[in-house]
Protein chains: 2
Amino acid sequence: MSLEHAILVSLAERSASGYDLTRRFDRSLGFFWKATHQQIYRTLARMDGDGLVASTVSSVPGRPDRKVYDLTDAGRQELAAWTRTPTPPERPRSAFAVKVRGMPHGDRDAVIEDIRRQRAHHAEQLAHYEASAARDYPDPSAVAADELPVYLVLRGGIRTERTYVDWCDEMLDHLAPPARPTVPPTASPDQEKS
Amino acid sequence: MSLEHAILVSLAERSASGYDLTRRFDRSLGFFWKATHQQIYRTLARMDGDGLVASTVSSVPGRPDRKVYDLTDAGRQELAAWTRTPTPPERPRSAFAVKVRGMPHGDRDAVIEDIRRQRAHHAEQLAHYEASAARDYPDPSAVAADELPVYLVLRGGIRTERTYVDWCDEMLDHLAPPARPTVPPTASPDQEKS
DNA sequence: ACGAGCATGTAATTAGTTACATGATTCG
DNA sequence: CGAATCATGTAACTAATTACATGCTCGT
């Protein structure tokens with residue numbers, strides 16, 4: 001039930017409507033926890049019922065009404081209590097790794113193509129994170145104490161994406177070594193062990 | 001519905017009972033896709049109904065009966081077709097990153113403690129992967145072609161775990177520098193192997 | 001005789017995804 | 001006027017988790 005805690009963290013940083021949260025889960029927070037708007041509205045409604053959050057309707061004339069949520073004291077307590085519980089080990093779910101392993105039983109070229117696509121995706125994500133870091137933290141040795149957690153999580157994102165890109169490159173080196181497209185030396189599609 | 005495909009990959013490598021699969025999902029395959037036995041039995045039953053797998057009961061006297069599953073032709077086709085579809089971008093689910101970000105609104109020391117725990121967990125996992133690699137692939141430049149995918153996925157695991165450990169160290173450097181005597185962060189993954 | 005491990009399942013609950021649905025405002 | 005974005009939801013379905021349940025065998 002961790003979406004609940006992700007919402008608590010986000011609301012603790014700043015109050016928001018369901019719509020605001022949806023956009024946050026598409027950006028910074030969403031790099032580490034994805035959620036769709038349906039999930040968010042439903043969970044928010046339950047949390048309201050449980051007294052963890054409270055909403056006030058903000059009616060700005062000439063705009064649709066917004067239900068703006070805030071943490072209640074119970075919500076703040078729940079969040080603090082959660083930080084005191086050990087994080088359970090994450091259960092990996094990498095369809096990509098499974099697919100690479102399934103390569104011998106499927107379409108080799110298609111999987112290589114998929115690795116290229118995956119590499120491109122993570123390279124893009126990495127570039128995005130690094131741009132954020134350069135913009136928001138030009139001097140990493142002088143990050144303000146209250147911004148440290150956000151900075152450190154961003155650092156985690158950078159490290160993770162870089163690792164992914166490097167891994168893809170390693171795989172491509174093994175599976176599709178830089179071949180000269182014009183003149184292949186020998187027409188042997190099979191790899192040989194040395 | 002990717003557990004289905006993980007099962008197809010595993011059965012393509014070697015036929016197995018539900019129990020066998022459960023153990024595989026606790027070991028090698030499970031490093032990239034976790035599943036409990038309930039999930040596996042249920043999914044296996046559905047796949048049987050869909051004609052992707054077929055079972056034969058193996059009765060060894062003096063042992064409980066086993067339902068041993070194999071891929072059918074339809075299963076092999078489905079697996080091959082799956083390798084031809086692009087892997088959708090993975091949606092991150094890192095409760096740990098969310099908790100780090102929630103640090104300012106919770107118990108700082110408890111979160112630092114959690115980072116240490118997380119570091120220990122991933123260091124252990126890393127050591128395990130590196131031992132496997134050293135045992136099974138003593139000469140990485142001479143990995144047999146048919147073992148390449150398994151090797152490359154293991155490499156991904158090693159890279160991922162090392163990154164995690166390094167990230168934890170970076171966080172601890174920022175959050176609790178005096179508490180740690182100088183421990184080599186990355187440098188030598190000393191392998192105390194037999 | 002008893003506990004550990006083998007082997008297979010059902011049931012109930014919770015979480016997540018996909019599809020459907022509505023209405024208002026702003027910009028071109 | 002039509003498309004895009006803001007803003008909020010319901011309903012149906014699929015997947016995942018947790019708890020419960022059974023019976024066999026092997027070693028001590």
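In what follows, chains carry the letters A, B, and so on, assigned in the order in which the sequence lines appear, proteins first and then strands, with residues in each chain numbered from 1.
Taking atom CG of residue B/L21 and atom P of nucleotide C/dG9, one finds them 12 Å apart after rounding to whole Å. We find that CG of B/L3 is positioned 15 Å from C1' of C/dG16, with the value rounded to whole Å. At whole-Å resolution of the value, CG in A/D65 and C1' in D/dG9 are 14 Å apart. Rounded to whole angstrom, the span from the CD1 atom of A/I40 across to the C1' atom of D/dT10 amounts to 16 Å. Here D/dA15 presents its C1' atom at 18 Å from NZ of B/K34, a figure rounded to the nearest Å.
For A/R42 against D/dT8, a side-chain-to-base donor-acceptor contact under 3.5 Å is absent.
B/T83 contributes a side-chain N or O that, together with a main-chain N or O of A/D107, makes up a donor-acceptor pair within less than 3.5 Å.
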- Message: Before you tell me yes or no, could you show the steps for B/F31 and B/H128 under ring pair (Phe, Tyr, Trp, His ring centres under 6.0 Å), namely the whole-Å CA-CA distance, both residues' side-chain angles and the distance that decides it to 0.1 Å?
- Response: CA-CA 11 Å; B/F31 300 144; B/H128 188 257; 5.7 Å; yes

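For B/K67 and C/dG9, the shortest distance from a side-chain N or O to OP1 or OP2 is below 4.0 Å. Phosphate proximity of D/dG9 to A/Y41: absent, as no side-chain N or O sits under 4.0 Å from OP1 or OP2. Between A/Q38 and the phosphate of C/dA19, there is no side-chain N or O to OP1/OP2 separation shorter than 4.0 Å. Not one side-chain nitrogen or oxygen of B/R46 sits closer than 4.0 Å to the OP1 or OP2 atom of D/dT14. Between B/R91 and the phosphate of C/dG16, there is no side-chain N or O to OP1/OP2 separation shorter than 4.0 Å. At least one side-chain nitrogen or oxygen of A/Y19 sits closer than 4.0 Å to the OP1 or OP2 atom of D/dC6.
Heavy atoms of B/S17 sit under 4.0 angstrom from primed sugar atoms or phosphate atoms, though from no base atom.
Residues B/R66 and B/R93 both approach DNA chain C. Their nearest nucleotides, taken by heavy-atom distance, put B/R66 toward the 5′ side.
Between B/R93 and A/E90, none of the side-chain N atoms (NZ, or NE/NH1/NH2) sits under 4.0 Å from a carboxylate O, so this pair counts as no salt bridge. A salt bridge links A/D20 to A/R66: one of the charged nitrogens lies within less than 4.0 Å of a carboxylate oxygen.
The 12-atom threshold is not exceeded at CD of A/E124, counting heavy atoms of other residues, nucleotides or ligands nearer than 6.0 Å.
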